[in-house]
There are 2 protein chains.
Amino acid sequence: MATGRTHRPATRSRGIPEATVARLPLYLRALTALSERSVPTVSSEELAAAAGVNSAKLRKDFSYLGSYGTRGVGYDVEYLVYQISRELGLTQDWPVVIVGIGNLGAALANYGGFASRGFRVAALIDADPAMAGKPVAGIPVQHSDNLEKIIQDNGVSIGVIATPAGAAQPVCDRLVAAGVTSILNFAPTVLTVPDGVDVRKVDLSIELQILAFHEQRKAGEDAHTDGTGPAAVTREEPTEAAASADQGPDGDVPAVMPA
Amino acid sequence: MATGRTHRPATRSRGIPEATVARLPLYLRALTALSERSVPTVSSEELAAAAGVNSAKLRKDFSYLGSYGTRGVGYDVEYLVYQISRELGLTQDWPVVIVGIGNLGAALANYGGFASRGFRVAALIDADPAMAGKPVAGIPVQHSDNLEKIIQDNGVSIGVIATPAGAAQPVCDRLVAAGVTSILNFAPTVLTVPDGVDVRKVDLSIELQILAFHEQRKAGEDAHTDGTGPAAVTREEPTEAAASADQGPDGDVPAVMPA
DNA sequence: ATGTCTTTGTGAACGCGTGCACAAAGATGG
DNA sequence: CCATCTTTGTGCACGCGTTCACAAAGACAT
């Protein structure tokens, strides 16, 4: 759903539905937790509850991977962890670069989930010369002049963009030109990439706006049945054409400091 | 898709499909950019290109809001900005609390996109006493002991959780008990909430794993037709039950420092 | 006023994802 | 070896979302 490409060819890769792929990491996390508690097997019912999904859906998802369960018993936790890891490509080592080491970039660099699952932060890159050499999460930041060389020397195919919105597309272009074929974009912009390159987007502002929509709906349903609703400071309605002036100083401020 | 509730009642709220709601912020961003450039009208084709979607989809989306376009001309930018803002509830003032002021929490607090669109960071909350009083993004961090009072005093209905995984559910419970009905969760955990509370999840690790899947598939298709693929350091295959030991020190490390 | 041209709004078909419900498969006990 | 019980794997139906394709609507020129 968030592949970002305008013309996604319904990538039912080797028969595994996109929706299923999106849930595999969820299952993997639940299974890893069980594995740590040395639980040998789980039923689809239990695992589904742990992952927060329907048990029928889970069984169907697993059926795309093959028949890894035992009827009357359930699934072997260790075996399933391995199969899902392999399916997701996590048995490989994926070097990743993070471009734009502001607040968010630093948070990502410090994110433990990277290292623990086949991902390795190969380099941190920022356009600010003052950042160069400064260690973040134990890794020295490199200047973006060296971006292409870094990509090629490390065989990087996955890039994370955490720059301001304005810098995102140029950075994206350089990443792609240097050989990156998968991009995780945190900048609030639509990225244009050539075919064959995957883009996934994470947008904090959008998530909040969706929440606000539902929140407003809730408040509307309970309308004046309680006084404890949200601070209903409804702004005055603009007269058909004067809305954007008070919309904010800038369309969408980047999630990070200038890179 | 990420509402989080196990049993989502297909919330076709007032006839607006969930998928459409998820795209409205995208349109709004593109429209705001046009508005800043003082563009008076746009066609569905132009706007769709800017938002990265199909033009027919865009028109259908707008049709759920009403007939705001003029045939032969297009849509009035300012008017549409207002209509979408109103539909999303962004003409209201939404006080938001961020719980867990680690790297990620700080990045969120500094995120300009919050303030610019009806969202106001009402408070930053952390469990670490050493953080209390320390200003982050110009706002002093408050201790989580005061969580309930902060929520109620500010009429907060939207909470952002950026704590470690272990702390997320307890924090969530306290937020809900204090009156929060919408939660944006950055912790890598499935949150359980009562009916009527919306949860949206943002999970960096999952996004990366989905990218890795597609990346692996690409590499598999080009299999040994080039040598420049990803660093294909395929780990040795475990003998059916020994996978989780090298899976990483901890199931899923929180995105932030302990709160 | 009339015709042409552009662009919207939407009816209809299609495909994907979800969930039910059940048969098949294997474990387990006697 | 047979009966019973549990749990998987899946056929099927349904609903949502996407896309095509076109008629209706308005602008604009003559």
Side-chain angles (χ1 to χ4, degrees), chain A residues 1-24 26-27 31 39-77 79-80 83 210, chain B residues 1-24 26-27 31 39-77 79-80 83 210:
Chain A
M1 168 176 283
T3 314
R5 282 247 300 298
T6 303
H7 184 62
R8 176 161 39 105
T11 314
R12 174 74 70 93
S13 6
R14 200 182 94 228
I16 300 185
E18 197 50 37
T20 295
V21 173
R23 280 188 294 268
L24 289 182
L26 225 55
Y27 302 145
L31 284 165
V39 177
T41 59
V42 268
S43 69
S44 62
E45 205 70 48
E46 293 168 317
L47 186 54
V53 302
N54 184 291
S55 72
K57 195 187 299 185
L58 178 143
R59 287 198 299 275
K60 181 149 292 192
D61 283 342
F62 285 175
S63 78
Y64 291 116
L65 309 182
S67 289
Y68 294 145
T70 305
R71 298 175 189 229
V73 176
Y75 299 92
D76 182 290
V77 172
Y79 188 56
L80 204 45
Q83 288 299 342
I210 296 173
Chain B
M1 170 176 279
T3 315
R5 285 244 303 296
T6 303
H7 183 60
R8 176 161 39 104
T11 314
R12 174 74 70 92
S13 2
R14 200 183 95 226
I16 300 184
E18 197 50 38
T20 295
V21 172
R23 279 187 296 267
L24 290 182
L26 225 55
Y27 302 144
L31 285 166
V39 177
T41 60
V42 269
S43 68
S44 63
E45 205 71 49
E46 293 168 318
L47 186 54
V53 302
N54 184 290
S55 71
K57 195 188 297 188
L58 178 141
R59 286 198 301 276
K60 179 146 291 196
D61 283 343
F62 285 175
S63 78
Y64 292 116
L65 309 183
S67 289
Y68 295 146
T70 305
R71 297 174 190 229
V73 176
Y75 298 92
D76 182 287
V77 172
Y79 187 56
L80 205 45
Q83 288 299 342
I210 296 172

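Below, chain A is the first sequence line, B the second, and so on; all start at residue 1.
Two residues are said to be in side-chain contact when any heavy atoms from C-beta on lie closer than 4.5 Å; Y79(A) and Y68(A) meet this criterion.
The side chain of T70(B) has dA27(D) as its nearest neighbour among dG17(C), dT8(C), dA27(D). Nearest nucleotide to the side chain of A19(A), out of dG17(C), dT7(C), dT18(D): dG17(C). Of the candidates dA24(D), dT19(D), dG26(C), the closest approach to any side-chain atom of K57(B) belongs to dT19(D). If you check dA27(C), dG9(D), dC20(D) against the side chain of V73(A), the one that comes closest is dA27(C).
Not a single donor-acceptor pair, N or O on each side, falls under 3.5 Å between the base of dG9(C) and the side chain of K60(B). For R71(B) and dT7(C), a side-chain-to-base donor-acceptor distance below 3.5 Å is absent, hydrogens and geometry of angles not being considered.
If you take CG of D61(A) and P of dG17(C), they are 10 Å apart, rounded to a whole angstrom. For the pair R59(A) CZ and dC12(D) P, the interatomic distance rounds to 17 Å; values are reported in whole Å.
Looking at heavy-atom distances under 4.0 Å, Y75(B) makes contact with sugar-phosphate atoms alone, never a base.
Partners of T41(B) by side-chain hydrogen bond (donor to acceptor under 3.5 Å, both in side chains), not counting sequence neighbours: none found. In this view, R59(B) satisfies the salt bridge (Lys or Arg N to Asp or Glu O under 4.0 Å) rule with no residue, not counting sequence neighbours.
Considering only side-chain N and O atoms, S44(A) lies under 4.0 angstrom from the phosphate OP1 or OP2 of dT8(D).
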